[in-house]
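Taking it in order: structure first as structure tokens, then the write-up.
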Amino acid sequence: MNLSRRDALAALAATGVVAGGSVALADDGTDGNVDPADGVPENVIGDDTVAILAAVGSVVYPDATTGIDPFVETYVSGRLSDDPDHRRGVVDAAAELDATARDWFDAPVTELDRSTCDRLLRELGVDAVDPDPEGSLSGRVRFYIVNELLYAFYSSPTGGRLVGIENPVGYPGGTESYRRASMGEETEHGRE
Amino acid sequence: MAGSDRTPAPPADVCIVGAGPAGAIVAARLAEAGHDVVVLDAGPRYEPENRERQLDAHLRPGMEGPWGTGGERDAYTSSGERHYPLNAARVKGIGGSTLHWQAMVMRLHERDFEMDSRHGVGADWPVDYADLRPYYAAAERELGVAGADDNPFAPPREKPFPLPAFPPSHSDSIFAEACEALGLPTHSVPNARNSEPTDDASACVGYGTCKPVCPSGAKYTAERHVARAETAGARVVDRAPVQRLVHDETAVDAAVYATPDGEQHRQEARAVVLACGGVENVRLLLLSASDAYPDGLANSSGLVGRYFMDHCFAGVGGRIDRPTRQNHVGFNTTECHALYDGTDPLAGVKLEFLNYAGPSPAIDALHADEWGDDLLDSLRDSYGTHLAVGGLVEQFPDADNRITLDRSTTDDHGNPVPDVEWSVGPETRRAIERANEVQRAILEELDADIDWIVGPDETGPAYHHMGTTRMGTDPGSSVVAPDCRAHDLDNLWIAGSSVFPTGGGMNPTLTIAALSCRLADRLDRWL
Ligand SMILES: Cc1cc2nc3c(=O)[nH]c(=O)nc-3n(C[C@H](O)[C@H](O)[C@H](O)COP(=O)(O)OP(=O)(O)OC[C@H]3O[C@@H](n4cnc5c(N)ncnc54)[C@H](O)[C@@H]3O)c2cc1C
Ligand code: SF4
């Protein structure tokens, strides 16, 4: 399936972020309001982080998914713009994951092929660990990266429809869908 | 009072302890009638703008649950035959347990008020359905209930529900076929949730997470009544757990409460309304023991804490070979009260047709130990064809089921914690078995593969705390009089399901709201 910015905006609706296209995305990691304490931009998220998340997305999303980059970019930046603690957790976990990739495979996450990126995650134990925002690197990668991506995907119509539910838990998809006998078709004007 | 000034107000007309629905409805009505009202609640205020974050906290493993229940503040013990999971069963905060609740709200049936005289079980209420009927209508308005007059088993009513019922779900229509074949009429569920927008809140938008958190505000919480009370001038203080009620032989003088800065304060009032829920009402009365009332305040009958009742869950679930479309919304739209009023079983049984049977892909994905195509395949396999019939089963009052103080364990203020002794009696076990028979028959009618049964051994409570300060006319065998005023004291009133003499099998909160409307009327006149 091909992901789009519209899918990302729908996913944002699930988290209550009113995105409306006004997404704070820096051109590079150094733009934006820099928090003087540590040089991390305050309310934007750098390209580097987005690229790392998109690389992980290509592993954790179904194989046939395309359009991951703009989806992740729109979703992640929309979601993190008003939540500095969460944003910092994502940025830090991505940077540490990247450092681990360089250490173990001599390449940044974004240059790993899919199966190597998959190995990186599994060797870190990210598949089996309990998500933990304050825990070890694997627990944080699971919480801030893998579950962030899976949450965006499966609690929005985007991933839900692949499983058979156009209005999954966490998505405010109205009070029509529960009455219908089947998923409506997607139309030009949205989901019917 | 949204700020953090938690010092006492000048002596008030009424001090209400607890800002769940029982207390908040009394507060709103009395403040609107012009009385000077102070409300003290042990828990914090949860700002509505953070509800989406709380939705995350619920859905995403690794985050603390949305309502902060547990820890030293909420310590308890459970020493009865069955473990009682008290902290899954309540919330402390402005809004009380309605912050977390499911919001299905039905009237008790006429028989529930007269179980002793009709069947020789339980205790009769000192009031009957006809007495409460106008207050039920008021309560439905207070809670903005969405419902339809299509339930052939419901007690008589004349007013339409304030909002139209939510239409039946796709799975309801599957069940309707089976129930028709079995001669079981089905009908809508009254919900305290907006089926249409109102001045208070938007219409339901289908987040599907009603229990434990509705991000849209469509589900009623008692925060609505707190807001009304505050608009009418009431002072509402959060994080102000009342430690004891100071009294003489005939009246309560003040509520002594703690604040986060470690101070203690005294709020004086002409009348005190206890509205802490069916467990903490008991604890506060017992903690307020004095020379005048050595066994606890309002406890000259010795019955404070006795006759603790809940409702027991009974259910059967399985899968069929067609889509069942579950987990779009988090509430139910069809029930069956056909087993409620008869004598086989004697304990009331209410059947609920779930709209949230089986797993939700969004939640499963976050717990999975696989990803990519493997995850998608598993989710496709696990989602889509589940069905379940649940139900509530009545418990009759039993003096050995009770709340006491466990003096060996203390909370964050050094007070003994509540101990819950809970068991499931023979009539309830029999009724759960009967519910299972019918539930199984319904699923078999649909050729379902049955995956699970919750029967008398597996059952657990529905989190309705009733009976522990029972209402009656005789001060020797009850704690409060029919007007909800303690027999022992002139100015102490008790709100909530702790006054139910017999609990029936219906979710209690509409009855709690009706009694609070009635209590507010009585207290308004008394003041
Ligand atoms: C998961 C769940 C689902 C439910 N679903 C339904 C349903 O579908 N339908 C239904 O009818 N009912 C349902 N209920 C039950 C419903 O929530 C309760 O019946 C209702 O909230 C009780 O109202 P209350 O005001 O008496 O007590 P509560 O709502 O529990 O409020 C009591 C308040 O008192 C405060 N308090 C306690 N001790 C003190 C103290 N010492 N000093 C100051 N404040 C104190 C607490 O902080 C709390 O805010 C559900 C409950 C749960 C937990
Ligand atoms: S489905 Fe539940 S949580 Fe969602 S808007 Fe409706 S009432 Fe609220």
Side chains of B:Leu376 and A:Leu162, heavy atoms from C-beta outward: is any pair under 4.5 Å?
yes
ring-ring contact (aromatic ring centres under 6.0 Å, His included) involving A:Tyr144 - partner list, sequence neighbours excluded:
A:His86
For B:Glu64, look at atom CD and say whether over 12 heavy atoms of other residues, nucleotides or ligands are found less than 6.0 Å away.
no
Please flag which part of B:Tyr356 lies under 4.5 Å from any non-hydrogen atom of chain A: side chain, backbone, both or neither.
neither
Can you tell which of B:Thr209, B:Asp172, B:Val329 has the highest number of heavy-atom pairs within less than 4.5 Å of chain A?
B:Val329
Stepwise, does the side-chain contact (heavy atoms from CB on, under 4.5 Å) test hold for B:His328 with A:Arg180?
CA-CA 10 Å; B:His328 289 241; A:Arg180 285 197 291 257; over 6 Å; no
Assert top hit (heavy-atom pairs under 4.5 Å, partner chain A, pool B:Leu59, B:Thr333, B:Asp381, B:Asn355) equals B:Leu59
Which bit of B:Ser169 is near chain A, if near means a heavy-atom gap under 4.5 Å: side chain, backbone, both or neither?
both
If the contact rule is any heavy atom under 4.5 Å from chain A, which residues of residues 315-325 of chain B qualify, in numerical order?
B:Pro323, B:Arg325
Measure A:Val126 against the heavy atoms of chain B and call it side chain, backbone, both or neither at under 4.5 Å.
both
Contacting moiety of A:Asn147, where chain B heavy atoms sit under 4.5 Å
both
Give a yes or no on whether a salt bridge exists between A:Asp83 and B:Arg53, defined as a side-chain N under 4.0 angstrom from a carboxylate O.
yes
Is the shortest heavy-atom distance from the side chain of A:Phe153 to the side chain of B:Leu375 under 4.5 Å?
no
Please rank B:Pro215, B:Ser216, B:Gly384, B:Ala368 by heavy-atom pairs under 4.5 Å with chain A and give me the top one.
B:Ala368
More than 12 heavy atoms of other residues, nucleotides or ligands under 6.0 Å from CD of B:Glu196: yes or no?
yes
To the nearest 0.5 Å, atom CZ of B:Arg193 lies from atom OG1 of A:Thr175 at 11.5 Å
Between B:Leu379 and chain A, with a heavy-atom cut-off of 4.5 Å, which part of the residue counts as in contact: side chain, backbone, both or neither?
both
So, for B:Ala362 and A:Tyr154, which heavy atoms are closest and what is the spacing to 0.1 Å?
CB-O, 3.5 Å
Under 4.5 Å, heavy atom to heavy atom, which residues of residues 107-122 of chain A contact chain B?
A:Asp118, A:Leu121, A:Arg122
Contacting region of B:Ile174 [heavy-atom separation from chain A under 4.5 Å]
neither
Region of A:Ser58 that comes under 4.5 Å of a non-hydrogen atom in chain B
neither
Let me confirm one number: the NE2-OG distance from B:His170 to A:Ser177, rounded to the nearest 0.5 Å.
12.0 Å
Against chain A, label B:His58 side chain, backbone, both or neither, depending on which of its atoms sit under 4.5 Å from a heavy atom there.
neither
Between B:Asn327 and A:Tyr178, is any side-chain donor less than 3.5 angstrom from a side-chain acceptor?
no
Identify the two heavy atoms, one from A:Val169 and one from B:Gly208, that lie closest to each other, and give their separation to 0.1 Å.
CG2-O, 3.9 Å
Which portion of A:Glu148 sits near chain B, non-hydrogen atoms under 4.5 angstrom
both
Give the intermediate values and the outcome of side-chain contact (heavy atoms from CB on, under 4.5 Å) for residues B:Leu366 and A:Tyr151.
CA-CA 7 Å; B:Leu366 302 180; A:Tyr151 187 43; 4.0 Å; yes
Please find the pair of heavy atoms, one from A:Ile165 and one from B:Pro361, that lie closest to each other, and give the distance.
CG2-CG, 3.8 Å
Is there a side-chain contact between A:Arg179 and B:Pro167 (heavy atoms, below 4.5 Å)?
yes
Work out which heavy atom in B:Trp371 is nearest to a heavy atom in A:Val146; give both atom names and the distance.
CE3-CG1, 4.3 Å
Can you name the ring-ring contact (aromatic ring centres under 6.0 Å, His included) partners of B:Phe313, sequence neighbours left out?
none
Distance col, row B:Asp369:CG vs A:Asp127:CG, nearest 0.5 angstrom, shows 6.5 Å
Could you measure the distance from the CZ atom of A:Phe143 to the CE atom of B:Met63? Nearest 0.5 Å is fine.
5.0 Å
